[in-house]
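In what follows, a structure is listed as structure tokens, so that the remarks can point back to it.
Throughout, a chain's letter reflects where its sequence line sits, starting with A, and its residues are numbered from 1.
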2 protein chains.
Amino acid sequence: MATIKEIAQRAGVSVSTVSRTLNNYPDVNPQTKEKILQIAKELNYFPNAVARSLVQKKTYTIGVFFGNKMNSGFDHPFFLDVISAVREVAGNAGYDLLVFTNKNKERATYTTLCRERSVDGVVLLLTGEGKRRTEPLVELQNSGIPCIAIDIPLIGEKTAYVESDNYAGAKLAVQHLIDLGHRRIAFIGGDEISKTSYDRLRGYQDTLMENRIGFDPTLIRLGYFSKEKAALGTRELMANKPDITAFFAASDEMAFSVIKTLRDLGKRVPDDISVVGFDDIKEAEFFEPRLTTVRQDKYQLGSEAARMLLNIIENPDYQPTPVTLPSQLIIRQSTAVLQKRFRQEGEDS
Amino acid sequence: MATIKEIAQRAGVSVSTVSRTLNNYPDVNPQTKEKILQIAKELNYFPNAVARSLVQKKTYTIGVFFGNKMNSGFDHPFFLDVISAVREVAGNAGYDLLVFTNKNKERATYTTLCRERSVDGVVLLLTGEGKRRTEPLVELQNSGIPCIAIDIPLIGEKTAYVESDNYAGAKLAVQHLIDLGHRRIAFIGGDEISKTSYDRLRGYQDTLMENRIGFDPTLIRLGYFSKEKAALGTRELMANKPDITAFFAASDEMAFSVIKTLRDLGKRVPDDISVVGFDDIKEAEFFEPRLTTVRQDKYQLGSEAARMLLNIIENPDYQPTPVTLPSQLIIRQSTAVLQKRFRQEGEDS
DNA sequence: TTGTAAGCGTTATCAC
DNA sequence: GTGATAACGCTTACAA
């Protein structure tokens, strides 16, 4: 690749003049300017971003951490949508994305990795254990590195997070079930470490209480967003509480698993038992029966995250604040009005 | 962040000694070595990758281009799986991924973007028009930049591609239909520019010929991997050729669209008409009816691509050659034995 | 075994 | 308006 030096030589000027021209500084003779631009074009010159970054301490790069540990797969069902949105708005602002892979680095943390690569900011798309408020996360939060987390409540000078309204979403789901006549509503929750899971649980509880149905903790199992654990929980629940007429699962994938398990148990969905999920992943629409669920706006999750991050990066005075996006109930085929026969059974128990 | 200079001062040695120590050079006194390592740890030192890249001309970064133009979304249904695999093997080798977003850059091409960022290699995950053999693609192919394309036949000194065996996959699909008794088999193809589409078309044609059924070009419509165009093609076909008893679609998404359209037309799948897709995206298993399709091994597509790319990067003598991965027929519920009444109808026309 | 110094390709600070 | 020159943080001859 051609360098600024070559251009300078050919144009018979100094490198600084070339640099100024290329960066559109005002104080440069139109004559020389044109000449330099011409030569740059001929040489098909593009500035070396690495060299520039070194002096400017700015890389126009946004780091991305994915997965449940610092290095696992892109394992969340809607990360693609989120990251796609991040990419779009970051791209429009001139930033590229650096996806960290960081294997076999001994003492590396989110923070050191970011510093090593000199990224201008970072977005966290973690799952499972990765969402636990551990030392590396706290370190990052306090590092001064611009950071936006998806679904993890980090707050700091240069840190905030974006999430869906999980509480309201859960309320919508449970209220829908109640409106359909259900009273014995089981909950397949997420985990005990994430705010996301906790909010969905609270939404479930509160809605039950508000409707004077009461909250029965024995109707709950944690599924940890895994098909297997959700299936297990469903089995246990159905064995112990045969009067259950509806399930609310904290994710669509778990809802699929609940439905399959129910089917194995000889139950029909939604005829015998109603099921609602959470997320509205693509498969939800294709599943049989088409899944009633709470939609998270994945695109907005990502674009909002990117917008805030860019704000933090480019505006020193900007004070980021957490954003909670509305979620929406999507009614499809996996929920139905409670049948009389069940209602009676329900009354009996 | 601490720099090598600071460490040198504290240790009372020169920067070069520090550098050598940190890079595990053999010729350094164990005493000083230990001392330096100790200080580095205390200062929580991590090398500045940007500075290092500048001198070494190596960034340990692999560029990724996504989408149908140089900047559109992550729009292919299985890109996530592919990129996830790329990330895993690249990560194990110590490389991070740089996802290019490149908006508003005037004369930028794949090549200039790669050079500007000094990526060590690049993987192309393009769709639609992006796959057309255009100047920017040829430029990249001849640039000397290590490059692996997914599904685009680029070949060069440092360039190769990875694809699924689309021809064999298509043959499997059509043969399956024929074995089921179908004779009037329509084809909803991809586009006219990609090798992928062409190979699937050839597989369709050849299988028909080999089975002495003959190839009727009027049974073909191009769907351009779009739901709308696939639906349109299906309508046209059914209007003009009512004796069709099976459809082979060049992608699962188009197959879904075909099935929906058929349903709108009052046809049952697979009872009246069989449909097979291509790709085996996640939704295929959830769709109703569960889709019979040709599976591409997305994970291997990505890991093979990364493996080859790393080979090109790290081994100057390595001569990359294109890789074609086996594809596999997954028989599910959208195909069935041709019913007698149709067979007769078919015979009649 | 260690230090000096050049250099990677830019930008930025001064003089001129 | 323009040119030296230092600086960014590191690696790497070459010397000592």
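Per the geometry, CZ belonging to B:F46 stands 13 Å off P belonging to D:dC10, to the nearest Å. Between the P atom of D:dG9 and the CZ atom of A:R115 lies a distance of 13 Å, rounded to the nearest Å. Rounded to whole angstrom, the span from the CD1 atom of B:I4 across to the P atom of D:dC8 amounts to 14 Å. As rounded to whole Å, 9 Å separates atom P of D:dG9 from atom CD of B:E6. Summarising the geometry, the separation between CG on B:L22 and C1' on D:dT11 is reported as 12 Å, rounded to the nearest angstrom.
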Filtered N/O pairs between nucleotides 12-16 of chain D and protein, under 3.5 Å:
{"unit_1": "D:dT12", "atom_1": "OP2", "unit_2": "B:Y25", "atom_2": "OH", "d": "2.9"}

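Crowding of A:K58 atom NZ: a count of heavy atoms from other residues, nucleotides or ligands under 6.0 Å exceeding 12. In B:E42, the CD atom is crowded: over 12 heavy atoms of neighbouring residues, nucleotides or ligands sit closer than 6.0 Å. For A:K195, the NZ atom is densely surrounded, since the number of other residues' heavy atoms within 6.0 Å is greater than 12.
The existence of a salt bridge linking B:R117 and A:D96 is confirmed by a sub-4.0 Å separation between a basic side-chain nitrogen and an acidic carboxylate oxygen.
Here the range on DNA chain C touched by chain B, meaning any atom under 4.0 Å from one of its heavy atoms, is C:dT1 to C:dG9.
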Using side chain to side chain contact (heavy atoms under 4.5 Å, CB included), reason through A:Y299 and A:D81 one step at a time and then give a plain yes or no. CA-CA 6 Å; A:Y299 181 84; A:D81 296 313; 6.0 Å; no
Audit row: A:L309, A:V123, side chain to side chain contact (heavy atoms under 4.5 Å, CB included) steps and yes/no: CA-CA 8 Å; A:L309 188 58; A:V123 3; 3.9 Å; yes
After noting the C-alpha distance and the side-chain angles of B:M308 and B:Y318, does the key distance pass the side chain to side chain contact (heavy atoms under 4.5 Å, CB included) rule? CA-CA 9 Å; B:M308 286 179 68; B:Y318 178 73; 3.8 Å; yes
I would like to know whether B:L124 and B:L137 meet side chain to side chain contact (heavy atoms under 4.5 Å, CB included); could you show each step before the answer? CA-CA 10 Å; B:L124 257 30; B:L137 241 29; 3.9 Å; yes
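Between its two ends, the helix from C:dT1-D:dA16 to C:dC16-D:dG1 turns its axis by 40°, counting five pairs per end and rounding to 10 degrees.
Nearest-nucleotide positions on DNA chain C for A:R52 and B:A51 put B:A51 closer to the 5' end.
For the pair B:Y161 and B:I150, the minimum side-chain heavy-atom distance is 4.5 Å or more.
Heavy atoms of A:T32 sit under 4.0 angstrom from primed sugar atoms or phosphate atoms, though from no base atom. Using a 4.0 Å heavy-atom cutoff across all strands shown, B:V50 reaches no nucleic acid atom at all. As judged by a 4.0 angstrom heavy-atom cut-off over every strand, B:D27 is placed among the base-contacting residues.
Between A:F65 and A:F100, the angle of the ring planes stays under 30°, which puts this pair in the parallel group of the 30/60° scheme.
Dashed line: the shortest gap from a side-chain N or O of A:K57 to OP1 or OP2 of D:dA7 is not under 4.0 Å.
In this structure, the side chain of B:S164 does not engage the main chain of B:L325 through any donor-acceptor pair within 3.5 Å.
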